[in-house]
Amino acid sequence: MRDIVLGLLKNEGKITEVQYQAALAEPIATRTPQSRSEENYAMGLVRRELDAILEEEDIRLGGLVVHTTLDLDLQNATLDAINKHMDALEARKDFKKHLASLQTRREKRGILKNKLTTKAEYEASLAAWKALPAEQKEKTQPPMPNYIQSAAVVMDNATGALLAVVGGRDAEESKLNRAIQSRRQTGSLFKPFIYATFFQQGNSADTRISDDRIAYGKYAEPPTGPPAIRTERTGA
C-alpha cells in the first residue's frame with residue numbers, strides 16, 4: 001500500500017524520482033495494536049449481556065461496535081461518591097463495634113469467611129503481602145477484600161436508559177456486581193410502584209389515610225376466580 005501511494009505521488013509530479021527511491025528504501029515501521037479499556041462494573045455488565053446475545057463465533061471474530069447509554073463521567077462520579085461515603089462511614093469511632101457485631105451474626109449463620117475489616121486495612125494488608133519475597137508469597141494467600149460494600153444504579157427517569165452501574169467499591173478487587181448479582185430484598189425500591197398505584201386511583205400527595213387497625217368489611221374483598229371475559233360485536 002505504501003509503495004502504491006508513493007508511485008501515484010511520483011506519477012502526479014508531487015515527488016521527484018530521488019525522493020521516490022529514498023522513500024522506498026525506508027523500512028516500514030509497524031506498531032502493535034493496543035487495546036484500551038477501563039475495567040469497571042459497567043463494562044462487566046456490557047460483556048455479560050453480549051455473552052448472552054452473541055454467538056461464540058461473533059465474539060471470536062470481533063469488529064463489533066456496541067453503543068450503550070452509559071455515561072463514563074457519571075459512572076466515575078457515582079463510584080467516587082460511594083467510596084467517599086463508605087470511607088467516612090469506616091472512619092467513625094463506632095464502626096469497629098458495628099463490624100464486630102456483624103461478624104458475630106455472620107458466624108452464627110455459619111458464614112465463616114475472613115474477618116471483616118475496612119478497605120484501608122485491606123489495602124495495607126495487600127501491600128504488605130505484595131512486598132513479601134516470592135517464596136513466601138507462594139506459601140501464603142493474598143488477603144481477601146472482606147470489607148463493607150455498596151452498590152448503585154443510575155437511570156434516566158424519562159427514558160429508562162441505564163446511565164451508570166456500580167456493583168462495589170473496586171471492580172479490580174471484587175468482581176461480584178452487587179447491583180445485579182446479589183440477591184436482596186427490594187426494600188424501599190418498591191415504594192414508587194405503591195405510590196404510582198395510589199395516585200392512579202385519584203389520590204394526591206395531600207391525601208390522608210388512617211393507619212388504624214383495619215376492621216373486617218372495611219374494604220371490599222378482591223374478586224376471586226378467573227377474570228370475566230367480555231366480547232363485543234362490531235358492525236361492518
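Source: prediction; values computed, not measured.
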Could you tell me the separation between the [atom1] atom of [X] and the [atom2] atom of [Y], rounded to the nearest 0.5 Å?
| X | Y | atom1 | atom2 | result |
| --- | --- | --- | --- | --- |
| Ser125 | Asn146 | OG | CG | 11.5 Å |
| Glu49 | Leu162 | CD | CG | 9.5 Å |
| Ile148 | His98 | CD1 | NE2 | 5.0 Å |
| Gln19 | Lys10 | CD | NZ | 12.0 Å |
| Leu79 | Tyr41 | CG | OH | 8.0 Å |
| Arg178 | Gln149 | CZ | CD | 3.5 Å |

Mind checking whether [X] and [Y] sit in one hydrophobic cluster, side chains of I, L, V, M, F, W, Y counted as touching below 4.5 Å?
| X | Y | result |
| --- | --- | --- |
| Ile82 | Val154 | no |
| Val18 | Val5 | no |
| Tyr20 | Leu8 | no |
| Leu54 | Leu45 | yes |
| Ile194 | Leu189 | no |

Is [X] atom [atom1] crowded by more than 12 heavy atoms from other residues, nucleotides or ligands, each under 6.0 Å away?
| X | atom1 | answer |
| --- | --- | --- |
| Glu135 | CD | yes |
| Gln136 | CD | yes |
| Lys14 | NZ | no |
| Glu17 | CD | yes |
| Ile214 | CD1 | no |

Any donor-acceptor pair under 3.5 Å linking the side chain of [X] with the backbone of [Y]?
| X | Y | answer |
| --- | --- | --- |
| Ser174 | Asp170 | no |
| Gln181 | Asn177 | yes |
| Ser101 | Lys97 | no |

With heavy-atom distances below 4.5 Å as the criterion, would you say the side chains of [X] and [Y] are in contact?
| X | Y | answer |
| --- | --- | --- |
| Glu90 | Leu99 | no |
| Leu6 | Ile4 | no |
| Thr140 | Trp129 | yes |
| Glu107 | Lys115 | no |
| Met144 | Tyr122 | no |
| Asn40 | Leu72 | yes |
| Thr69 | Asp156 | no |
| Leu102 | Arg105 | yes |

What pairs of residues pass the salt bridge (charged side-chain N to carboxylate O under 4.0 Å, His left out) test when at least one of them lies in residues 63-85, not counting sequence neighbours?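 For residues 63-85, and leaving out neighbouring residues, the salt bridge (charged side-chain N to carboxylate O under 4.0 Å, His left out) pairs sorted by first residue read Asp80-Lys84.
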
Using a strict cut-off of less than 4.0 Å between a Lys/Arg side-chain nitrogen and an Asp/Glu carboxylate oxygen, indicate whether Glu123 and Lys119 qualify as a salt bridge.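 Salt bridge: yes.
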
Mind listing the closest non-hydrogen atom pair of [X] and [Y] along with its distance?
| X | Y | value |
| --- | --- | --- |
| Arg92 | Asp94 | NH2-OD2, 2.9 Å |
| Gln103 | Leu116 | OE1-N, 2.9 Å |
| Ala179 | Ala152 | CB-O, 4.2 Å |
| Ala23 | Arg2 | O-NH1, 3.4 Å |
| Val153 | Val165 | CG2-CG2, 4.3 Å |
| Thr118 | Tyr147 | C-CB, 3.7 Å |

Relative to the ring of Phe199, is the ring of Tyr195 parallel (under 30°), tilted (30 to 60°) or perpendicular (over 60°)? parallel

Does a donor on one side chain and an acceptor on the other come within less than 3.5 Å for Ser210 and Asp212? yes

